[in-house]
Q: 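Structure in structure tokens, see below.
Predicted model only: the values in this text are computed from it and were never measured. Throughout, protein chains are lettered first and strands after them, A, B, ... in sequence-line order, and every chain is numbered starting at 1.
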Number of protein chains: 2
Amino acid sequence: MPAESQPSARLFPRRLPAGRLGVAVVSELVDLIVTGQLKEGELLPPEGPLSEHFGVSRTVLRESVKRLEEKGLVVVSQGRGTQVRAPGYWNMLDPVVLSALIDNDETLGVLDELTVVRASLESAMAGAVAGTRSADGLRRLENALTTMRESAGETDSFRQADVVFHYALMEISGNRLAENIAKHLYKRAVDSSRYQGIDTPDAFDLTLKEHAAIVDAISRQDVAAAQKAMHDHIHISWERRRLPDHAPRARDQASE
Amino acid sequence: MPAESQPSARLFPRRLPAGRLGVAVVSELVDLIVTGQLKEGELLPPEGPLSEHFGVSRTVLRESVKRLEEKGLVVVSQGRGTQVRAPGYWNMLDPVVLSALIDNDETLGVLDELTVVRASLESAMAGAVAGTRSADGLRRLENALTTMRESAGETDSFRQADVVFHYALMEISGNRLAENIAKHLYKRAVDSSRYQGIDTPDAFDLTLKEHAAIVDAISRQDVAAAQKAMHDHIHISWERRRLPDHAPRARDQASE
DNA sequence: CGCTGGCATACGTCATACCTTATCGCTCGA
DNA sequence: TCGAGCGATAAGGTATGACGTATGCCAGCG
């Protein structure tokens with residue numbers, strides 16, 4: 001192999017971080033707070049020392065702290081300093097915060113809670129869809145279901161089709177607030193639980209049956225049945241996945 | 001009156017904004033986006049002109065834009081500019097965003113949707129409480145209910161007691177995620193619907209009855225009944241309040 | 001026609017100076 | 001002795017100016 005053949009690729013490996021400096025700062029500070037290393041009420045170091053610690057200018061540090069404030073993690077006041085807020089104030093829909101919460105949760109408690117919330121919201125939306133006799137909506141759901149059937153067997157595309165189905169239902173429901181919240185949660189859930197695969201041999205089949213039950217209830221305009229079908233589906237499918245009781249691991253940031 | 005008696009108080013009326021400069025900038029930009037004056041995909045003016053427009057330095061303007069980015073309202077990319085994101089990305093739990101949404105919603109649609117979400121989450125939490133036989137929790141709820149009874153007649157303290165009751169139940173439920181989301185929503189709802197008072201003569205009585213039904217179901221550890229009682233209560237009480245069909249108005253920022 | 005390179009634009013980062021606010025301690029007078 | 005008041009210190013807030021870096025466009029060359 002000639003020495004000069006592919007020099008650029010080997011010599012200039014495209015510097016890794018590249019991303020904005022603030023990202024690393026925010027990420028680290030969020031972790032410190034979520035993991036409790038910085039406790040509620042505690043004061044962060046002043047901007048000067050902190051910016052020096054991270055090796056960034058005070059400007060960047062300040063923008064990062066402003067981000068933390070938006071996430072509800074801290075409150076900053078002139079003359080006093082920046083202190084950590086109680087968890088009740090945290091914006092748990094925030095991707096970074098939610099990911100940090102999930103990653104630092106050995107017992108899967110957060111994902112359990114997330115499942116309860118998703119089940120509540122999505123079942124309400126399923127009920128709403130069943131209530132509004134929307135031919136377009138129903139057709140769209142049936143198409144999504146068909147796509148799932150066709151991709152059964154291929155884990156990746158099946159999961160993607162699964163997401164499409166849930167998203168479609170939420171959009172059809174017309175409740176933009178519930179849709180917004182549920183989608184934020186769902187997105188994080190997918191990114192985090194991706195690791196315990198639906199390896200159960202009959203997972204595809206069960207998932208399809210549950211989805212079919214939802215569509216069926218909606219087509220019959222049976223509100224209560226639609227709610228129950230969605231509620232059961234989300235809880236049951238989570239149980240299927242979490243059973244292997246192994247602690248979830250790893251994280252991948254950006255996802256959308 | 002001597003000319004020099006109270007010069008500072010009269011001549012320097014403590015500059016109006018008082019708050020940080022960025023607050024006004026963020027507030028105005030949020031409004032522009034939420035009201036659709038800045039449409040999805042549209043580019044904001046560059047930082048230079050924009051900072052000049054608001055009469056602040058580029059520093060302040062940038063921190064404000066970073067806040068908007070955290071709220072999910074815009075996405076900023078180096079070399080290109082800052083563009084408005086689709087509503088699906090907005091963080092609707094954010095106080096400023098949610099308030100703006102509510103204020104710019106003539107049909108009360110947002111509050112209707114908010115009610116659905118609250119009903120779903122709080123009924124789930126009520127069910128959870130009924131499921132866990134917690135003597136402490138039950139006692140706490142009964143105390144809250146008693147406080148409500150005692151303050152019946154006084155709108156303000158009654159409402160406050162109402163909030164205490166709902167908060168208590170959410171905290172007892174043990175689902176911190178649901179609690180977090182529901183509280184954020186509830187907070188905004190209270191701040192916004194405060195204006196159409198519970199003027200119905202029998203409002204106190206009805207509210208008390210509904211709350212009593214919730215506590216009763218929980219004391220009997222009847223999960224389904226507790227869920228239904230809470231669900232009905234939130235929907236019914238909202239119907240009571242929204243009936244006067246008058247458009248909600250006014251806004252007050254800080255509230256917590 | 002297609003690729004390359006320059007240039008304008010817009011955000012990213014840094015350094016510095018100065019203002020405003022909050023705290024705390026110290027002085028001084030009642 | 002005690003409390004009001006003042007001033008020093010600390011920490012965040014704002015303003016500038018300069019330079020770095022990513023994008024996009026377009027002319028010019030092969």
Q: Hey, is A:Lys66 close enough to B:Glu69 for a salt bridge, meaning N to O under 4.0 Å?
A: no

Q: Please determine if A:Glu63 and A:Arg67 form a salt bridge, counting it only when a charged side-chain N lies under 4.0 Å from a carboxylate O.
A: no

Q: Charged N to carboxylate O below 4.0 Å: is that the case for A:Arg85 and A:Glu40?
A: no

Q: Give each protein N/O atom lying under 3.5 Å from an N/O atom of nucleotides 11-17 of chain C, with the pair distance.
A:
| unit_1 | atom_1 | unit_2 | atom_2 | d |
| --- | --- | --- | --- | --- |
| C:dC11 | OP2 | B:Glu47 | N | 2.9 |
| C:dG12 | OP2 | B:Arg62 | NH1 | 2.7 |
| C:dG12 | OP2 | B:Arg62 | NH2 | 3.4 |
| C:dG12 | N7 | B:Arg58 | NH2 | 2.9 |
| C:dT13 | OP1 | A:Leu21 | N | 2.7 |
| C:dC14 | OP2 | A:Ser57 | N | 2.8 |
| C:dC14 | OP2 | A:Ser57 | OG | 3.0 |

Q: In the structure I gave you, are the side-chain heavy atoms of B:Leu121 and A:Leu121 within less than 4.5 Å of one another anywhere?
A: yes

Q: Can you list everything that forms a salt bridge (charged side-chain N to carboxylate O under 4.0 Å, His left out) with A:Asp156? Sequence neighbours excluded, please.
A: none

Q: To the nearest Å, give me how far apart CD (B:Glu52) and P (D:dA15) are.
A: 13 Å

Q: Between D:dA11 atom P and A:Leu43 atom CG, what is the distance in whole Å?
A: 10 Å

